[in-house]
Amino acid sequence: MELDDRKVKILKTIIQNYLETGEPVGSRTISKYPDLNLSSATIRNEMADLEEMGYIIQPHTSAGRIPSDKGYRFYVDNMMVERSKEVEDLKVELEGKKDRMDQLLKQAAKVLADHTNYASMVSAPTVHRNKLKFLQLSRVSDQQILAVIVAEGNMIRNKLIDVDTRLDEETMLKLNILLNTNMCGLSIEEINLGLIAALKEKAGIHSQIISDVMDAIGEAIKADEDLEIYTSGANNIFKYPELSDGSKASEIISAFEEKQELTELVQETLQSENNTGIQVYIGNESPIANMKDCSVVTATYELGDGMKGTIGVIGPKRMDYEKVVDSLKALKAQMDRIYTENRKEE
């Protein structure tokens, strides 16, 4: 007897319910799921077939059913196929969006510089306070496994993890179930030492793998190494005598070309508790050492799904603050409108 679509749906529902509650699952519980639209009698018949086929078992008389090892294997194998396809689809989708986003941000930086007559910067959005959506461990070789981490905002990270001994399929299965059952839906702030200790205890001799996976998750969710910053109007600095001095101008231009200090500015802006308004740094208040003779005005834009970025204007201390603030507010509103329209089109 093969598993038809109805049996697959019922089996998945039993396993998902059991993973959530830890309690045996009965036909009445399954019948409450609206997407199945089946009577309790029909579900009981299907569950009897699934039990006969070895996918579920009855732990004791009059109890509901729980998944067997065979049931878990079917669930995880199918889940891996589905998730792998999702990951590939996401990669394709994100590549297309990235091209459009690059053009939007480059244009935004240019418009801001042209409108204010100062130098401008716009950082690409990064995902903050995002939650883990899915985690897949796969064996690459006897000495390495691959952790594929998918977080909210459709952020994907791959991490190779060294292992001392070869992990068989059963072990990989158990580790995947352990991690996905306990980790999915959690933010980095919710992954505490107590949770990690409990997972390591359940993993037994493979506790080091749990530690390595936790490190990989932390790196993935907090990663800023791919931060892109688009700049425009750096030459506008030469329009202002107090900044056009050879050494001052070269330091400012260098900051725009190398972008390391701009990256630190973006990170400070995004980490600020009040990071949704306008922030003004005057002279020595500037977090950028080479811009102590300037004023820096920044704002944080949001594009949904936890994605945030920074837009900023750098100019002399005597800059037209009112015009700059109005320009930043207008650009934030414009980017939000464009992003909303693109989401509707998709």
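Given the structure is predicted, the values throughout are model-derived calculations rather than measurements. Hydrogens, waters and symmetry mates play no part in the numbers below; they use all other heavy atoms, side chains included. By convention here, the first residue in the shown sequence is residue 1.
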Do L167 and M172 pass the side chain to side chain contact (heavy atoms under 4.5 Å, CB included) test, and can you show the C-alpha distance, the side-chain angles, and the key distance before you say yes or no?
CA-CA 7 Å; L167 302 178; M172 296 296 296; 3.8 Å; yes
Stepwise salt bridge (charged side-chain N to carboxylate O under 4.0 Å, His left out) test for R318 and E242
CA-CA 10 Å; R318 61 185 176 94; E242 63 267 46; 2.6 Å; yes
Indicate whether any N or O donor in one side chain lies under 3.5 Å from an N or O acceptor in the other, for Q136 and S138.
yes
Measure the spacing between CG of L50 and CZ of F74 and express it to the nearest 0.5 Å.
9.5 Å
Quick check against the 3.5 Å criterion: does Y75 have a side-chain atom that pairs as donor or acceptor with the backbone of P67?
no
Side chains of M121 and I311 in contact at under 4.5 Å (non-hydrogen atoms):
no
If Ile, Leu, Val, Met, Phe, Trp and Tyr residues are connected whenever their side-chain heavy atoms lie under 4.5 Å apart, and connections chain through other members, are V325 and L328 in the same group?
yes
Spell out, as yes or no, whether a donor-acceptor pair under 3.5 Å connects the side chain of Y240 to the backbone of N236.
no
Verify the distance criterion only: is there a donor paired with an acceptor across the side chains of T171 and D168 at less than 3.5 Å?
yes
Could you check whether atom CG of D5 has more than 12 heavy atoms from other residues, nucleotides or ligands sitting under 6.0 Å from it?
no
For the pair K332 (side chain) and T300 (backbone), establish whether a donor and an acceptor sit closer than 3.5 Å, ignoring hydrogens and angles.
yes
Please assess I56 against L11 for the test side chain to side chain contact (heavy atoms under 4.5 Å, CB included), listing each intermediate value before the final yes or no.
CA-CA 8 Å; I56 56 177; L11 178 59; 3.8 Å; yes
I would like to know whether I30 and E46 meet side chain to side chain contact (heavy atoms under 4.5 Å, CB included); could you show each step before the answer?
CA-CA 11 Å; I30 302 299; E46 295 288 6; over 6 Å; no
Is it true that the side chains of T310 and Y301 contain a donor and an acceptor less than 3.5 Å apart?
no
Parallel, tilted or perpendicular: ring planes of Y72 versus Y18, cut at 30 and 60 degrees:
tilted
Passing option when S327 is tested against V111, L112, V313 for side-chain contact (heavy atoms from CB on, under 4.5 Å):
L112
Please check if the number of heavy atoms outside Q144 that lie under 6.0 Å from its CD is greater than 12.
yes
Apply the test side chain to side chain donor-acceptor pair (under 3.5 Å) to residues S120 and Y230: give CA-CA distance (whole Å), side-chain angles for both, the deciding distance (0.1 Å), then the verdict.
CA-CA 8 Å; S120 69; Y230 304 89; over 6 Å; no
Go through it in stages, so that I can follow the logic: the residues are L173 and I177, the test is side chain to side chain contact (heavy atoms under 4.5 Å, CB included), and I'd like the CA-CA distance, side-chain angles, deciding distance and then a yes or no.
CA-CA 6 Å; L173 167 65; I177 291 175; 3.7 Å; yes
Backbone N or O of Q208 within a donor-acceptor pair of the K200 side chain at under 3.5 Å?
no
For atom CG of D164, decide whether the heavy atoms of other residues, nucleotides or ligands shown that lie under 6.0 angstrom number more than 12.
no
T13 side chain to K9 main-chain N or O, any donor-acceptor pair under 3.5 Å?
yes
Counting heavy atoms not belonging to K70, are there more than 12 under 6.0 Å from its NZ?
yes
E285 side-chain N/O to I282 backbone N/O, donor-acceptor pair under 3.5 Å
yes
